Amino acid sequence: MNRVFYVGVSAALFAAFAFSLNFVVPFIIGDYSTFDFALVRHVVSSLVGLYILASEKGVMRHLTLGNCLQAIWLAFVGYVGYFLTVTGAAIFAGPVIAPAFLGLVPIVLMVIGNQRQGTMPWRFLIMPLALVLVGLVLVNGTAFTAEGLNSVQSVWIGVPLSLAAVGLWVCFALVNQAALAARPEMPSGVWSALILVGGGVLMLAFYPVGAAMDLFRLPTLGFGWSAAGSLYAWGVSLALLATVGGVWAWNIAARSLPVALAAQLIVSETAFGVIGGLVVHARWPTPIEVAGVVVLIAGVVLSVRIFHDRQFASGKISLAHE
């Protein structure tokens, strides 16, 4: 049972790192738009998903209309929609403020998840929750200083987009966990592949509309490798690491851990995102930023320790899919 626990923790941390890469996307694609990047990324991811489905034995029994529609809905909520709101937030609010706001995700998920599943007495969650809150305050405080606001285009647009991303991710996590629990016979890889294919279908369906709205720069700047080579390279790289890897890892975590613990682990996305933002700005962190990240990590470590000692080590495990 400990192996299931540690695999789930590792998968959740990897998913958090993979998803945090969304924050730096607008700063690595040059003159192309985030919609161009999303198109490349999701088409590549869907091709990987199709390969997984084609190579999986007995996959046809899982390809029901209900499963496909649910996967497309989840792809819309937590895959395409989340990506676009996160990258939009990074554009308008900067790569530091956006992940700081998304630190609300683990708090909301932990409260809702523990309320629904009753995984852990609330008194044991007070300390890790307090550490997370303190860390978020520290990170947010530095994000709204004059130095943190240097790259901000519009707080009034960036902050609502950040909050929309919070809502989409919370919805995705809860609905996806329920969908997995309702399908115990379906391998995590098959479910992940369906979501990946759903994301590609949605982006291809959106392309004619987006092109008419002049949201894509590919028709203007060119599809050739000489012009779009960097876009393709980054798109394929992040499709494999951040999208395929992130969705696959999160589904493993969702089946291996209670929602309240998975929520605490996803707070590390904020830490990864802030670190990525600092790399983009090519500057060293301030002491307050260092303190914020350290406190956030301390909250994650303490939460893992509490869940392991109180439930997993005692054999009283309550997994997300139970």
Side-chain angles (χ1 to χ4, degrees), residues 1 3-5 7-8 10-12 14-15 18-19 22 37-84 113 116-117 168-210 232 235-259 262 317 319-322:
M1 196 61 71
R3 180 178 178 277
V4 174
F5 174 69
V7 168
S10 299
F14 178 82
F19 295 144
N22 290 322
F37 182 84
L39 178 66
V40 174
R41 176 177 176 172
H42 292 310
V43 168
V44 171
S45 299
S46 66
L47 292 176
V48 175
L50 287 173
Y51 173 78
I52 294 173
L53 294 176
S55 60
E56 186 77 23
K57 293 182 178 179
V59 71
M60 291 305 298
R61 64 190 178 94
H62 300 301
L63 300 183
T64 64
L65 178 61
N67 286 344
C68 292
L69 291 177
Q70 181 81 337
I72 290 175
W73 166 246
L74 283 169
F76 173 75
V77 172
Y79 191 31
V80 176
Y82 176 75
F83 169 78
L84 293 176
R116 292 173 61 182
Q117 296 181 336
L168 287 173
W169 176 245
V170 170
C171 179
F172 171 79
L174 295 176
V175 175
N176 186 54
Q177 183 269 329
L180 284 168
R183 299 166 174 82
E185 78 289 347
M186 181 182 290
S188 296
V190 172
W191 185 242
S192 301
L194 283 175
I195 296 177
L196 293 173
V197 173
V201 170
L202 288 172
M203 282 305 303
L204 287 174
F206 176 73
Y207 179 76
V209 178
Y232 295 149
V236 172
S237 299
L238 266 72
L240 298 177
L241 178 61
T243 306
V244 177
V247 171
W248 172 74
W250 182 253
N251 283 335
I252 291 177
R255 271 194 163 147
S256 304
L257 302 173
V259 174
I317 187 170
L319 297 180
H321 62 273
E322 292 182 339

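It should be emphasised that the depicted structure is a prediction, and the values quoted were computed from it without experimental measurement.
- The shortest side-chain heavy-atom distance between I52 and V190 does not fall under the 4.5 Å cut-off.
- Note that the CD1 atom of I195 and the CG atom of N176 stand 4.5 Å from one another [nearest 0.5 Å].
- For the residue pair S45 and L196, the shortest heavy atom distance occurs at O-CB, 3.6 Å.
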Only pairs under 3.5 Å count here: list side-chain donor-acceptor contacts from residues 241-248, not counting sequence neighbours, and write none if there are none.
unit_1: T243; atom_1: OG1; unit_2: R41; atom_2: NE; d: 2.3
unit_1: T243; atom_1: OG1; unit_2: R41; atom_2: NH2; d: 2.9

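- Between P184 and A181 the shortest heavy-atom distance is CD-O, 3.5 Å.
- Side-chain contact between E185 and R61 is present, with at least one heavy-atom pair separated by less than 4.5 Å.
- Within the 3.5 Å criterion, the main-chain N or O of V43 finds a donor-acceptor partner in the side chain of S46.
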query = Given V197 and L47, is the side-chain contact (heavy atoms from CB on, under 4.5 Å) satisfied, shown in steps?
reply = CA-CA 7 Å; V197 173; L47 292 176; over 6 Å; no
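- Taking all atoms of both residues into account, the shortest heavy-atom contact from A253 to G8 is CB-O, 3.6 Å.
- The minimum heavy-atom distance between V40 and G235, with the atom names listed, is CG1-CA, 4.0 Å.
- With values rounded to the nearest 0.5 angstrom, W191 atom CH2 is found 5.5 Å from N67 atom CG.
- Between atom OG of residue S192 and atom CG of residue L180 there is a gap of 7.5 Å, rounded to the nearest 0.5 Å.
- Here the straight-line distance linking atom NE2 of H42 with atom CZ of F37 works out to 8.5 Å at 0.5 Å rounding.
- Counting heavy atoms from C-beta on, the side chains of V175 and Q70 come closer than 4.5 Å.
- Within 6.0 Å of OH on Y232 lie more than 12 heavy atoms contributed by other residues, nucleotides or ligands.
- Remark: M186 CE to L194 CG distance equals 6.0 Å, nearest 0.5 Å.
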